[in-house]
> 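Dropping a structure here in structure tokens format, bear with me for questions.
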Amino acid sequence: MANQYAVIGLGRFGLSIANKLYESGQEVLGVDVNEERVEESHPFATHSVIADSTDAEALKSIGIRNFDTVIVAIGNDIQASILTVLLLKELGVKQVIAKAINKLHGQVLKKVGADWVVFPERDMGIRVAHQLLSPNVLNFIEISKNYSVEEVKIPDRMMEKTLRELDLRARFNLSVIAIRHDDDINISPSPDEKIHYGDVLVVIGENRDLEKFANLH
Ligand code: ATP
């Protein structure tokens with residue numbers, strides 16, 4: 001069954017969340033005070049309504065407590081963002097995700113009950129810098145402060161060798177969890193799997209080991 005999501009604040013951030021969820025078959029209610037934003041969001045959500053999320057009665061009348069997850073994508077109006085999160089938690093919404101524009105904003109959102117605070121600009125900045133520092137890393141997920149999973153383009157001299165021959169575990173302390181070739185993914189490849197031109201390795205390990213490996217070229 002599809003989950004029910006509400007996205008409050010239909011700026012670029014909110015709209016892109018709504019769009020992705022809606023495209024994936026989820027039920028998405030878009031909410032904004034601005035009529036134009038609501039109109040523009042129609043192709044990207046199941047329904048969209050005009051409402052001020054700092055008004056408890058307005059939130060109740062759209063039945064906000066029936067949603068599994070509510071995303072508060074209001075950024076610049078910090079007061080509205082904080083008050084909205086507070087009201088949503090008071091009304092009993094189980095999962096509230098909120099966008100913060102700076103550290104202090106994030107701390108306050110946590111204090112008033114946000115279950116997950118996201119910092120889109122900060123996180124995207126980190127991703128861009130990471131990409132500049134390690135151009136061979138196509139994608140990464142931080143799984144803790146020191147460990148990540150990365151998709152790494154490998155040097156030509158490593159092509160046509162098997163994973164056993166490359167022996168990344170002994171040489172770099174890294175585990176290969178998948179080999180990707182465009183959209184084909186071979187998960188848990190065998191040690192005798194050969195790496196071909198254009199393959200990308202999905203590896204897990206400590207960040208400093210990943211960095212050494214990604215900068216081998
Ligand atoms: P983005 O960076 O995502 O493009 P933005 O620059 O348009 O956002 P924000 O201040 O983050 O500006 O606002 C996002 C949306 O939240 C706007 O469309 C705004 O109308 C809406 N919004 C602001 N306050 C409220 C509120 N109290 N209730 C509902 N929507 C609100």
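When reading the values below, keep in mind they use all heavy atoms of this one structure, side chains included, and skip hydrogens, waters and symmetry mates. Counting starts at 1 for both ligands and their atoms, following the listed order. Quick caveat, the model's predicted, so the values are computed rather than measured.
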> Can you tell me the protein heavy atom closest to atom 16 (O) of ligand 1 and the distance?
Gly9 CA, 3.2 Å

> Which heavy atom of Ala114 sits nearest to which heavy atom of Ala98, and what is that distance?
CB-CB, 4.3 Å

> Before we go on, tell me: are the rings of Phe213 and Phe172 under 6.0 Å apart, centre to centre?
yes

> Verify, without hydrogens or angle tests, whether Glu160 (side chain) and Lys194 (backbone) share a donor-acceptor contact under 3.5 angstrom.
no

> Between CD1 of Ile126 and CD of Glu121, what distance do you get to the nearest 0.5 Å?
12.0 Å

> Give the residue, atom name and distance (to 0.1 Å) of the protein heavy atom nearest atom 19 (C) of ligand 1.
Asp32 OD1, 3.5 Å

> Does any non-hydrogen side-chain atom of Ile179 lie less than 4.5 Å from one of Ile185?
no

> Give yes if a backbone or side-chain nitrogen or oxygen of Phe13 is under 3.5 Å from a nitrogen or oxygen of ligand 1, and no if not.
yes

> Where does Leu10 meet ligand 1, judged by heavy-atom distances below 4.0 Å: at the side chain, the backbone, both, or neither?
backbone

> Considering the heavy atoms of Asn34, write down every atom of ligand 1 situated less than 4.0 Å from one of them.
20 (O)

> Nearest protein heavy atom to atom 26 (C) of ligand 1, by residue and atom, and its distance?
Ser53 OG, 3.5 Å

> Taking atom types as modelled and ignoring hydrogens, do the side chains of Glu193 and Asn186 form a donor-acceptor contact shorter than 3.5 angstrom?
yes

> Out of all atoms in ligand 1, which are within 4.0 Å of some heavy atom of Ala51? Include the element for each.
28 (N), 29 (C)

> Write down the atom of Ile74, the atom of Ser53, and the distance for their closest heavy-atom approach.
CD1-OG, 3.6 Å

> Looking only at distance, does Gly75 have an N or O less than 3.5 Å from an N or O of ligand 1?
yes

> Is it the case that the side chain of Lys89 and the backbone of Lys94 share a donor-acceptor pair, with hydrogens and angles ignored and the cut-off at 3.5 Å?
yes

> Should you measure from each heavy atom of Arg12, which atoms of ligand 1 turn up under 4.0 Å away?
1 (P), 2 (O), 3 (O), 4 (O), 6 (O)

> For atom 30 (N) of ligand 1, what is the nearest protein heavy atom, given as residue, atom name and distance?
Val33 N, 3.3 Å

> Is Arg127 reaching over with its side chain to a backbone N or O of Phe140, donor-acceptor style, under 3.5 angstrom?
yes

> Output the list of atoms in ligand 1 that are nearer than 4.0 Å to some heavy atom of Asn76, sorted by atom number.
6 (O), 9 (P), 10 (O), 11 (O), 12 (O)

> Between Ser134 and Asn136, is there a side-chain donor-acceptor contact under 3.5 Å, judged purely by atom types and distance?
no

> Considering only the protein, which heavy-atom contact is closest to atom 8 (O) of ligand 1, and what is its distance?
Gly11 CA, 3.9 Å

> Determine whether a donor-acceptor pair (N or O, by modelled atom type, separation under 3.5 Å) exists between the side chain of Asp32 and the backbone of Ile50.
no

> Hey, which atoms in ligand 1 end up nearer than 4.0 Å to a heavy atom of Ala73?
11 (O), 14 (C)

> Which protein non-hydrogen atom lies closest to atom 17 (C) of ligand 1, naming both residue and atom, and how far is it?
Arg37 NH1, 3.2 Å

> Can you tell me which residue and heavy atom of the protein come closest to atom 23 (C) of ligand 1, and the distance to 0.1 Å?
Ile74 CG2, 3.7 Å

> Could you list which atoms of ligand 1 come closer than 4.0 Å to a heavy atom of Thr54?
27 (N)

> What atoms of ligand 1 come within less than 4.0 Å of a heavy atom belonging to Asp52?
26 (C), 27 (N), 28 (N)

